[in-house]
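Here is the structure we will look at.
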Amino acid sequence: MQIKIGVIGTEAVVGRVLRVLKSFPTFLPVPRIADRESDVLRAAEELGAEAEVLLLSGPHSHRAVKHGATLTVPVHYVPLTGAGLYKALFSVFRSGRLNAGISVDSLTKAMVARTLTDLGLEHTRVVVYDGPAYAAADKLVTFHRQLAESGHCSIALTGVEQAAEQLERLAIPNEWIVPSDQDIIVTLERALLSTESRRGKESQIVVGMINVDDFGKLAMRRTNEHEVQKLKLDIHRMVLDYVESLDGYLTSLGGDEYLFFTTRGIFERETGGYKTIPLAKDANKSYGLSLSVGIGFGTSANDAGTNARSALRKAKEAGGNACYIVREDATLIGPLEMADPVQAILSPTDAALIKKAEDAGMTSAYLSKLLHHMARFHKYEYKVHELAAMLNITVRSAHRLLLMWIDGGLVDIAGYEKVPKGRPRQIYRFTFLMDKSL
């Protein structure tokens, strides 16, 4: 089951956290918008009885909750670091206002100085607020306003959203220092490790199945049986090294399939939170082969093994070179990033996308193959024979499907390719994938 995390803060910060939380499938966010301290306390009391962990938008809210609420769950907040300052300074630098001096709050002098030095801006005139660590927004506004009116600083950098709003109303140039995505990710990782459910799942058994795609074709390219056996040994050694990095146990199920066991905590860390499978990249670069990987979670070894086989079947249906995870509640994660960086990919479990495809007569298997091919090659346009080869169907079947998908609004005719003889070939564009890609 997913772990409930209460996310409390202003609309802007909660929105950023929710966006980053999409890469943490273990978490089920329960957001609450709270601008005032009293709202934060009330939300924390309510969510403390429902969620396993709370995440607050900043140190001021965290301090208020620690002193004003009685909670039995861990409470974390998103800190400001130099990463957030980098973005704010870049914005100021681009606007040409950096030379006149800046005033900064919410960060230490050492942090500001280090960031300016890293950017080669160590000669910038800067005044850092040295008052109480949890100063109210009004005090921060007074600090920045005095420096602006005296001409010492031309722009204010504040880490408090309410202070930024007040400065805006006073027509004082300012930049709000917002937490970076990396700051939020680190905090979420700490929050995850602090939950009771997560500590229990650290040692949960994970079963993985690895299948070498089209091993028969790879073997046929070898000149003799000796070369085939060497290839098997090389693949086995490569997979063994990977499973060793997981502190796992590996056994071979045959020439082209492997079974391994590890624990959930180690697997999560090694995959960057269920994001990448580095083994696939090694296999592609070293031997020019691709892998299908299925990972299963379960409350028992039997359940985990059954889920791993189901996940492997899903990877094969997607055309290979894919990895899927089936969790203990039968929900699906994937595809994970494989041999090629996924710059623009859409989750095949997107309900709206699946519905649109199914309404137009496209099966989930064809959709998975299209998404995976799109992620690997950034390709949205196909000639009919290319599509037939990719979907492993006849050209005649591809023609029939394309006509149906055109009628369903999934595909447009992008243009024509001239050929030496015969009619020009039509080029088909999958516009519904272009519209949805990131």
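FYI, side chains are in, hydrogens and waters are out, and symmetry mates aren't considered; it's all heavy atoms of this structure.
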Under 3.5 Å donor-acceptor, Asp213 side chain and Leu289 backbone = no

task = Kindly check if the number of other-residue, nucleotide or ligand heavy atoms within 6.0 Å of CD (Glu46) is above 12?
result = yes

query = Is the His62 ring parallel, tilted or perpendicular to the Tyr77 ring (thresholds 30°, 60°)?
reply = tilted

ask   = Just by modelled atom types, is the Met404 backbone N or O under 3.5 Å from a matching donor or acceptor in the Asp407 side chain?
value = no

query = Does a side chain donor of either Asp329 or Thr331 reach within less than 3.5 Å of an acceptor in the other side chain?
reply = yes

query = In Å and rounded to the nearest 0.5 Å, what is the CG to OG1 distance from Asp130 to Thr108?
reply = 12.0 Å

query = Going by distance alone, is a donor N or O of one side chain under 3.5 Å from an acceptor N or O of the other, for Gln166 and Asp138?
reply = yes

message = If you define the side chain from C-beta out and look only at heavy atoms, does anything of Arg313 sit under 4.5 Å from Tyr324?
response = no

inquiry  = For the CD atom of Glu381 and the CZ atom of Arg429, what is their distance to the nearest 0.5 Å?
reply    = 4.0 Å

request  = Mark yes or no for whether Arg16, through its side chain, and Val178, through its backbone, hold a donor-acceptor pair below 3.5 Å.
outcome  = no

query = If we only count heavy atoms from C-beta on, is the Leu80 to Pro179 side-chain gap below 4.5 Å?
reply = yes

inquiry  = Whether the Asp303 and Thr306 side chains hold a donor-acceptor pair (N or O, under 3.5 Å, no angle test) is what I'd like checked.
reply    = no

task = Verify whether one side chain among Ser103 and His144 offers a donor that lies under 3.5 Å from an acceptor in the other.
result = yes

Expected output: side-chain Ser91 to main-chain Ala88 donor-acceptor under 3.5 Å = no

query = Are any of the side-chain heavy atoms of Asp256 and Asn211 separated by less than 4.5 Å?
reply = yes

message = Set out, in order, the CA-CA distance, both residues' side-chain angles and the distance that settles side chain to side chain contact (heavy atoms under 4.5 Å, CB included) for Val127 and Phe143, then state yes or no.
response = CA-CA 10 Å; Val127 181; Phe143 161 73; 4.0 Å; yes

ask   = Going by heavy atoms in the side chains, are Lys232 and Ser252 under 4.5 Å from each other?
value = no

query = Roughly how far apart are Leu250 CG and Leu240 CG, rounded to 0.5 Å?
reply = 5.5 Å

inquiry  = Is there a side-chain contact between Val104 and Ile177 in this structure, where contact means two heavy atoms from C-beta onward sitting under 4.5 Å apart?
reply    = yes

task = To the nearest 0.5 angstrom, please state how far the CD atom of Gln146 sits from the CD1 atom of Ile172.
result = 10.0 Å

Ser154 (side chain) donor-acceptor with Gly101 (main chain) under 3.5 angstrom = yes

remark   = So OG1 of Thr115 and CG of Leu85: to nearest 0.5 Å the spacing works out to 4.5 Å

ask   = Is a donor on one side and an acceptor on the other found under 3.5 Å between the side chain of Ser61 and the backbone of Gly58?
value = no

ask   = Considering only heavy atoms from C-beta outward, does the side chain of Leu21 approach that of Val7 to under 4.5 Å?
value = yes

Separation of Arg63 CZ from Leu56 CG (nearest 0.5 Å) = 14.0 Å

task = Could you tell me whether the side chain of Asn307 and the main chain of Phe297 form a donor-acceptor pair under 3.5 Å?
result = yes

task = Determine whether more than 12 heavy atoms belonging to other residues, nucleotides or ligands lie under 6.0 Å from atom CD of Glu45.
result = yes

ask   = Has Arg190 got more than 12 heavy atoms of other residues, nucleotides or ligands less than 6.0 Å from its CZ?
value = no

query = Is there a side-chain contact between Ile102 and Leu89 (heavy atoms, below 4.5 Å)?
reply = yes

ask   = Under a 4.5 Å cut-off applied to non-hydrogen side-chain atoms, are Glu328 and Arg264 in contact?
value = yes

key: Side-chain donor/acceptor of Ser57 to backbone N/O of Val13, under 3.5 Å   = no

ask   = Within the side chain of Gln204, is there an N or O that forms a donor-acceptor pair under 3.5 Å with the backbone of Gly298?
value = yes

